[in-house]
Amino acid sequence: MFVATHPFLPLDVLRVPHRVDRKADDGPMGFARIAVDGGDRRGSLSWPRPDDERLAGQLPARHDLAGIPLFARVVDADVLARTLPPGWQPDAAEGEAAISVWRHDDGSVLLPFDPGEAIHLLWSEAYLTALGDGHGPSLAARAYYRVRPILPRRVQIALRRSYARIQARREFPRWPVEPALHDLLRLVHGWLTEVAGAPVPWLSPWPRGYGWAIVLTHDVETAAGQAQIGVMREIERELGYRSSWNFPAQRYPVDDAVVAALREEGCEIGVHGVLHDGRDLESQEMLESRLAAMHGAAERWGAEGFRSPATQRSWALMPRLGFAYDSSSPDTDPYEPQPGGCCSWWPFFNEQMVELPITMPQDHTLFTILQREGVSDWLEKTRAIRQRSGMALLLTHPDYLGTPQAAEPYRQTLAALGHDATAWRALPREVAAWWRRRAESTIEPHGEGWRVAGPAAADGAVRLDAP
């Protein structure tokens, strides 16, 4: 449908049909350009290339795009006003950091930033630099996790609650819902539709006609949690759910009989680091020293996925884990030792590894740290995710919900969601495998419409609505 002069990440994320032709004509002022492939449409979508001299020396900064928080490098509006050829006009934009989108009389759209760069900055959490934050746990958080094993439980909770009041002041990503990334994808799809003058097809994020996904995961942090797995599993069994259970490789003796019983029921097992001390991804040297223990546990349990203790994460190191997928990045979570989030309700790739973001507030955060009651927080977040065809990936712990009374909010939430036939109830490994098939598939013309070609042909679906 489209031809692009350079790769454009939103096209790949949405799987919009296109080809890249480096010999195609650039856009105005040497910008990269997307145009309709063939036909008589004159309009195009243009954006600055990564090596654009007008961006040289810039660091990504926070901007406002039609009310959407955006982190990117931006070509100055005064430069565009002086150098664009006649026929271009900016949209109205108010505020010092507001970005204007430019439009031409022929229907073309020009963006002074690269949406692909903006998406990558969110996925990788590199936007934190623009906010003045580091990319890892703070010094205070690292110190806390070093001394936590010797602190009484009541002292641990008191410290976390006190620190949570400070963490709650963070303005971005907003908690519990931050739609910035999905709002940006929706805008890009709208601009492509403007240029095409027709509905733009994209590949549904979920297979077999499902509208959204529910994924249940558990981290079993302690031997006590292992002994309490049955409470949560009984709830899932009664309501027809399967789930994933992540165990640390060496913190306590993991009972192989427990693992075998979970697998026999169709559940999945994942690796939850080595010692649950928040140090697995502290450095490349530390990671390499612990990989053998992680991989040994993965082989013993038949595990394909990884969850980092305390959701510690490093964009550069995660692909070195050697797992099919990772699920350590929240979409938004100011309350973790490493606050931030990728802002995505869909899976995404970090090199060849699939990242499955944790998109629901954690049980420990809600009920222990914030002392919330009931299930309204979980149900409100699932409504937001469902409306945007997202993935509700829930992380809970038998360590904290290991009694019938404590697990009642979990029961109520699963019961409320169980009547929704539009939800794909999937295991993490199934979602990761689907996302790979989707990424390897394309959309091609078929009669008067479109069809999916490639590994997702049997269960993928073409959509024409806005993402």
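This is a predicted model, so every value here is computed, not measured.
In this structure, the ring of H364 has its center less than 6.0 angstrom from the ring center of Y400. Within the 6.0 Å centre-distance limit, the rings of W378 and F367 are counted as a close aromatic pair. The aromatic ring centres of F323 and H295 sit less than 6.0 Å apart.
Nearest heavy-atom pair, P7 versus W47, reported as atom, atom and distance to 0.1 Å: O-CZ2, 3.7 Å. When all heavy atoms of V271 and M294 are compared, the closest pair comes out as CG2-O, 3.9 Å. Residues G278 and Q312 come closest through the heavy atom pair O-OE1, 3.0 Å. Contact record, L356 with P428: CD1-O, 3.4 Å, taken as the closest heavy-atom pair. The shortest non-hydrogen separation linking F31 to D26 is O-CB, 3.5 Å. Summarising the geometry of E178 relative to P173, their closest heavy-atom pair is CG-CB, 3.7 Å, with the distance given to 0.1 Å.
For the pair R425 and Y241, the distance from NZ or CZ to the six-membered ring centre is under 6.0 Å and the angle to the ring normal is within 45 degrees.
Looking only at distances, no side-chain donor or acceptor of W202 sits under 3.5 Å from a matching main-chain atom of H189. Not a single donor-acceptor pair under 3.5 Å links the side chain of D114 to the backbone N or O of P48. Looking at N350, its side chain never comes within 3.5 Å of a backbone N or O of M353 through a donor-acceptor pair. In this structure, the side chain of T5 engages the main chain of R33 through a donor-acceptor pair within 3.5 Å. Side-chain atoms of R438 come within 3.5 Å of backbone N or O of S204 as a donor-acceptor pair. Remark: side-chain polar atoms of S244 are not paired, donor with acceptor, to backbone N or O of T217 under 3.5 angstrom. Looking at E221, its side chain never comes within 3.5 Å of a backbone N or O of H276 through a donor-acceptor pair. Not a single donor-acceptor pair under 3.5 Å links the side chain of T368 to the backbone N or O of T365. With R388 contributing its side chain and H182 its backbone, the two residues share a donor-acceptor pair below 3.5 Å. Between the side chain of K381 and the main chain of V177, no donor-acceptor pair closer than 3.5 Å is present.
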Given H218 and E236, is the side-chain hydrogen bond (donor to acceptor under 3.5 Å, both in side chains) satisfied, shown in steps?
CA-CA 12 Å; H218 311 281; E236 297 169 353; 2.6 Å; yes
Worked check of ring-ring contact (aromatic ring centres under 6.0 Å, His included) between W175 and Y335: CA-CA 10 Å; W175 187 88; Y335 300 109; 5.2 Å; yes
### Message
As a quick check of understanding, evaluate ring-ring contact (aromatic ring centres under 6.0 Å, His included) for H63 and F113, giving each step before the final call.
### Response
CA-CA 10 Å; H63 301 273; F113 69 98; 8.5 Å; no
Evaluate side-chain contact (heavy atoms from CB on, under 4.5 Å) for F306 paired with S327, printing each intermediate quantity in order.
CA-CA 6 Å; F306 180 86; S327 184; over 6 Å; no
Item to check | Worked check of side-chain contact (heavy atoms from CB on, under 4.5 Å) between R242 and L216 | outcome: CA-CA 7 Å; R242 300 170 300 153; L216 305 180; over 6 Å; no
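Remark: of the listed residues E171, R174, R170, R170 is the sole one forming a side chain to side chain contact (heavy atoms under 4.5 Å, CB included) with P334. The residue from R451, R15, R19 that alone fulfils the salt bridge (Lys or Arg N to Asp or Glu O under 4.0 Å) condition with E444 is R451.
To the nearest 0.5 Å, atom CG of residue L417 and atom CZ of residue R386 are 10.0 Å apart. Here the CG-CG distance, from D76 to L55, works out to 10.5 Å after rounding to the nearest 0.5 Å. Here D21 contributes atom CG and F2 contributes atom CZ; the two are 15.5 Å apart, rounded to the nearest 0.5 Å. With rounding to the nearest 0.5 angstrom, the CH2 atom of W301 is 11.5 Å from the CG atom of L262. Put simply, CG on L110 and OG on S44 are 8.0 Å apart, with the number rounded to the nearest 0.5 Å. Within the model, atoms CD1 of I34 and CG of L45 stand 5.0 Å from one another, a figure rounded to the nearest 0.5 Å.
Using cut-offs of 30° and 60° on the angle between ring planes, the pair H120 and W315 is perpendicular. Note on ring orientation: taking the six-membered ring where Trp is involved, the planes of Y127 and F172 are perpendicular (angle over 60°, cut-offs 30° and 60°). Ring geometry for W206 versus W435: interplanar angle of 30 to 60°, hence tilted.
No salt bridge links D326 with R313; every basic N to acidic carboxylate O contact stays at or beyond 4.0 Å. Note on R290 versus E285: no salt bridge recorded, every NZ/NE/NH1/NH2 to OD/OE distance being 4.0 Å or above. Under a 4.0 Å N-O distance rule, the pair R233/E265 qualifies as a salt bridge.
W191 and T193 share no donor-acceptor pair across their side chains, judged by distance under 3.5 Å alone.
In this view, W212 satisfies the ring-ring contact (aromatic ring centres under 6.0 Å, His included) rule with no residue, not counting sequence neighbours.
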